[in-house]
Amino acid sequence: MRDAEKRDRGLLRVDVDECKGCGLCVEACPPKVIGMSERLNHYGYRTATYAGAGCTGCGICFMVCPEPGAITVLRIVHRNADEGHGVEPAIVGASECASN
Amino acid sequence: MRKQLMKGNEAIVRSAILSGCRAFYGYPITPASEITETAALYMPRAGGVFLQAESEVAAINMLYGAASAGVRAMTSSSGPGISLMQEGISYMAGAELPCVIADITRGGPGLGNIAAEQGDYHQVVKGGGHGNYRTIVLAPHSVQEMADLTALAFELADRYRNPVVLLADGFIGQMMEPVEFPQTAIAPRQPEYAVTGTEETRGNLVTSLHLDIDDLEAHQGHLEAKYRRAEKCEVRAEEWRTDDAEIVLTGYGIMGRILKAVAAEARAGGLKVGVLRPITLYPFPKLHFKRLAERARVFVVVEMSNGQMLEDVRLALNGVRPVEFLSRVGGNVPSHEEVLGFVREQARRTLPAREPEEERMANV
Amino acid sequence: MSSEMASEYAVSHGKAKAFYERYERKEELQHQTHFCPGCGHGQVHKMLAKAIDELGIQNRTILVGPVGCGVFTYNYFDVGNISAAHGRAPAVATGVKRSRPESIVIGYQGDGDLAAIGSAEILHAANRGENITVIFVNNAIYSMTGGQSAPTTLLGQKTTTTPDGRHTATEGYPLHVSELLATLEAPVYIERVGLGDNKQIAQATRAVRRTVENQVRGLGFSMVEVLSPCPTIFKMTPVEAQRWVRDVMEKTFPLGVFRDRTKDAQPRQLPEAGPALEEIPRILGVDIEGLPEGNAHAMEHAAEELDLRVRVAGFGGQGVLLLGEVLAEAGLDAGLEVSWLPSYGPEIRSGTSNCHVRLARQPIDSPLVTQPTVLVAMNEPSLRKFHSSVRPGGWILYNGETFPSDCGREDVHVLAHSFTRVADELGDARAGNMVMLGALLEITAVLPEASIDAALRRLVKSPKWVALDERALARGRELYRESLQEVGHES
């Protein structure tokens, strides 16, 4: 396991079946780590795609996304009690979301 | 003395509260305003809601809300206000929400006047709103029936999950007669479809929207089945000395009362006259008419409107007997004397024995 | 990504629990909303769902959906759902909240729904201070019907019904609903927010939560107006539409809090439970125990054919209706069948007024008295209107010194007197009706005095007036008896 200091604070998942490719998240993302997929999803939309690194876990992409569950933002859970993110550590392993 | 003297409009509200009604939303209009006023007085005391709405449009939609929340609810109005409520009535029929609407009719069209007329028959009995729906319509002819049929209206509204209209003219609403009420109040069970803001009702949905065409057709089929059931089970009419009647007089509400007086006097003069008074206007007592046609030679329809119920009588009889029509409108009432004269004239014209075939030809 | 990695991250922003897992709107598309890409409705839905989650009110929430693009709220929100007619959500919400005050009732409406067809309903719900939450999504256009103009359409904005742009001369000005409602006293919270950029969206999220929270706290009417993009109808990309909201729409509809009385507002108390069912008949005054015994025993020997048909007519204010009421009430007290029917028509507010009263042994067929046995005419116009209708052998009581000769009939009895003057001498001219009733009672000699007395006390609340009316009734009886003596002298 790598040292938490060196890892991204956030992580982004996009449900490709729910995303309609409006691109609002791409525009809204402060670190600009979201792009559009080359491939179309089942409904014929290009979908939002996480660049794979650089997410701060700010959650802005989630709030600008018009779909209830197309985007899920995760934040790193610090094992020590000084993180102050207010994140509930119990919700983990959201592998039901199709990610890309 | 176990009865009390009361206006029909006041009796409606008392009966409604005894029947478990706990929400009243209305807008004042002559000649129905006493209903709103009486509800304003008693509904809060009975633990219910009274609100004078900003319009009849709002009032009927407040009823929609109250009925969605599983509460027995009612409103009252008259012609012009009922016109405004038609939107909400259609929505309630579509969403299968029960409610009771008292229509104390006045003169129309437009502003018309505030005198008693029966010109709301079409807009109430035939359904004045959009879409394939029906309202059950009860037509009281006395203050006692105002009370009794209000109780029945709430029962039917719940049983059929449909709006029920109490259609009375200004006379029945404004007149005072002795009336008695049941001595026990009812607490109706909360319907299972209600949306009440609890965990148990969280999944419930009240809507009249069915976007899928087959879904809407199926929904209408379901509504139709209810109406067929009502037509089979809920027809009510009063017959007065029809056993041997050769002339059958028919009219509803206040006209039913006048027709009885006329029939009594006509009988004193040797004419075999009876009265058939529809109590349910929808479902219409078609079979009563058909049965009486076996003996009767002529039917006389008397209305305070221009031939609105007449159409239903003609449909019921389907041409097997002549149907004569007398009407006064604008607030005029066909008087006892006027109707009696008309009946005597019909007797002269019709009663010399003729074969039905010959009779039908004569009417062509 | 490996599960090993994911196990060290936790969801911080995910789908709200207030949403259904799947949307059973159609066979297909069960994990997508029906909204177009970039539609503001989706964002507002998420804000609302988040607020419901955070406030822990999912079970208590009742969402009243609109007609418009937001019509399918019930497909998405796992709460109690009611869909309202176009514009009527505030009225429907009122009906729900008043009967279920412990529920959280949220109306969701677009600008066509709320600002046009439902302008009366929102205005009055706000003015009553209904303790409801209103989410008002304003995108300056009718989207669902294909881009017609709305009351909120901007000046110059082209729509399918303002093809050359909105002009003040023909379509007036954009309607500022938040500012309008903020002129009312009752609302506790009104804010306009936008979906124009990240910052606006964050503020909108807080405002939506606040309007819901206000209701949870019982504070009263709260509304948030959300300026929202419609990329499809605007014919813009989602990002362009978003920026248009910020850069163009906001110039017409400035953002901000227009009303905040949440600090002063007193939380509303839930209404007390209603009375026990057994109490209801008494509350309504219909319990048998509360009803008088009556004096039917005094009428045991009355004739079976007893059938008194009275028409009372006069000017408004002469006590026409009360005279009839006392007569009918007394008849009921005496165990008779009775009916009382007021006249109806243009004279209800002024001019002549009249009523029909019947008292009989047998059930009363028609309550209309077209041929009275007694006509009580309180003035000359009334006499002229009805004198010819009196049945042969009947009576006319006329309130006047001299009976007009052209109204004379051979076949009816007449008692003409200035009953009003008599009443005036007794203390108040307004008791003239009771003087006439006294005469009528003496003439007809049907009702026991005990019944008259009981009726008077039931209908006249003031003891002073009861006393005066009793004197008036007695004087009326005397007048009739005196008239008999006069006739006796003459003959």
Side-chain angles (χ1 to χ4, degrees), chain B residues 1-5 14 17-18 23 25 31 42 45-49 51 54-55 58 61-66 68-69 71 87-88 91 113-116 170-171 174-178 181 183 185 187 195-199 201-202 204-207 209 257-258 260-261 264 331 333 335-337, chain C residues 58-62 64 71 74 78-85 88 91-96 98-100 102-104 120-121 124 273-275 277 280-281 283-284 286-288 291-294 296 325 328-329 332-333 335 337-342 344-346 348 365-368 370-371:
Chain B
M1 174 174 153
R2 288 308 189 201
K3 295 186 176 184
Q4 55 196 138
L5 203 56
R14 288 181 166 90
I17 293 173
L18 288 169
Y25 296 96
Y42 289 112
R45 293 180 187 187
V49 176
L51 183 61
E54 61 268 29
S55 68
N61 281 286
M62 289 168 183
L63 238 62
Y64 183 102
S68 299
V71 178
E87 173 199 71
Y91 274 76
N113 64 24
I114 55 172
F171 286 123
Q174 302 273 331
M175 68 189 262
M176 290 203 291
E177 282 185 317
F181 294 90
Q183 293 299 297
V195 179
T196 65
T198 59
E199 187 173 6
T201 65
R202 195 177 91 193
N204 285 355
L205 164 66
V206 174
T207 185
L209 181 62
R257 303 275 295 259
I258 296 169
K260 273 193 221 172
V333 186
S335 71
H336 174 97
E337 297 74 25
Chain C
Q58 187 173 7
N59 287 333
R60 293 167 67 195
T61 299
I62 298 174
V64 182
V71 70
Y74 58 81
D78 182 7
V79 297
N81 280 289
I82 298 170
S83 72
R88 317 298 177 217
V92 173
T94 298
V96 177
R98 292 270 179 139
S99 284
R100 303 286 179 198
E102 65 288 350
S103 65
I104 303 301
E121 284 76 13
H124 289 276
L277 276 186
I280 298 288
I283 289 168
L284 298 174
V286 300
D287 58 323
I288 284 179
L291 297 178
E293 283 289 323
E325 271 188 74
E329 185 75 40
L332 175 65
D333 185 89
E337 300 284 345
V338 301
S339 65
W340 173 95
L341 179 69
Y344 222 36
I348 202 159
D365 40 39
S366 172
L368 281 94
T370 43
Q371 295 184 332

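Throughout, a chain's letter reflects where its sequence line sits, starting with A, and its residues are numbered from 1.
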Atom OG in Ser99(C), atom OH in Tyr25(B): separation rounded to 0.5 Å? 4.5 Å
Side chain to side chain contact (heavy atoms under 4.5 Å, CB included), that's the test. Do Arg100(C) and Val195(B) meet it? Break it down for me. CA-CA 9 Å; Arg100(C) 303 286 179 198; Val195(B) 179; over 6 Å; no
Main chain of Val286(C), side chain of Gln183(B): is a donor-acceptor contact present, judged purely on distance under 3.5 Å? yes
Side chain, backbone, both or neither: which part of Asn204(B) has an atom under 4.5 Å from a heavy atom of chain C? backbone
Top of Ala93(C), Ser103(C), Ser339(C), Gly274(C) for chain B proximity - count of heavy-atom pairs under 4.5 angstrom: Ser339(C)
Okay, Ile82(C) and chain B: the region with an atom under 4.5 Å from a heavy atom over there is both
His336(B), Glu177(B), Glu199(B), Arg45(B): which one forms the most heavy-atom pairs within less than 4.5 Å of chain C? Glu199(B)
When every non-hydrogen atom of Gly65(B) is compared with those of Val96(C), the smallest separation belongs to O-CG2, 3.4 Å
Which of Asp78(C), Val71(C), Ile283(C) touches chain B most, by non-hydrogen pairs under 4.5 Å: Asp78(C)
Can you tell me how far CG of Asn61(B) sits from CD of Glu121(C), rounded to the nearest 0.5 angstrom? 6.5 Å
Segment of Leu51(B) engaging chain C (4.5 angstrom heavy-atom cut-off): side chain
Side chains of Ile17(B) and Ile280(C) in contact at under 4.5 Å (non-hydrogen atoms): yes
Between Gly88(B), Pro178(B), Ser55(B), who has the most heavy-atom pairs with chain C when the cutoff is under 4.5 Å? Pro178(B)
Working to the nearest 0.5 angstrom, can you tell me the gap between Glu337(B) CD and Gln371(C) CD? 4.0 Å
I'd like to know if the side chain of Tyr64(B) and the backbone of Ser83(C) have a donor-acceptor N/O pair within less than 3.5 Å. yes
Can you tell which of Gly48(B), Ser68(B), Ala264(B), Ala69(B) has the highest number of heavy-atom pairs within less than 4.5 Å of chain C? Ala69(B)
Counting heavy-atom pairs under 4.5 Å to chain C, which of Thr207(B), Val49(B), Leu205(B) comes out on top? Leu205(B)
Heavy-atom side-chain contact between Arg60(C) and Arg202(B) under 4.5 Å: no
Asp333(C) CG to Lys3(B) NZ distance, which is reported to the nearest 0.5 Å: 14.5 Å
Proximity breakdown for Glu337(C) and chain B, heavy-atom pairs closer than 4.5 Å: neither
What are the two closest heavy atoms between Leu332(C) and Leu5(B), and how far apart are they? CD2-N, 3.5 Å
Side chain proximity check, Glu87(B) to Arg88(C), heavy atoms < 4.5 angstrom: yes
Can you tell me how far apart OG1 (Thr196(B)) and CD (Glu102(C)) are? Round to the nearest 0.5 Å. 7.5 Å
What heavy-atom pair brings Pro342(C) and Met175(B) nearest, and what distance separates the two atoms? CD-CA, 4.0 Å
What distance do Leu63(B) atom CG and Thr94(C) atom OG1 have between them, rounded to the nearest 0.5 Å? 12.5 Å
Donor-acceptor contact below 3.5 Å, side chain Arg14(B) vs main chain Leu284(C): yes
Is it the case that the side chain of Arg257(B) and the backbone of Asp365(C) share a donor-acceptor pair, with hydrogens and angles ignored and the cut-off at 3.5 Å? yes
Leading residue by heavy atom contact count with chain B [cutoff under 4.5 Å; candidates Ala120(C), Pro275(C), Gly335(C), Ala273(C)]: Pro275(C)
Minimum-distance pair of heavy atoms, taken over all atoms of Leu277(C) and Ala187(B): CD1-CB, 3.5 Å
Proximity breakdown for Ala23(B) and chain C, heavy-atom pairs closer than 4.5 Å: side chain
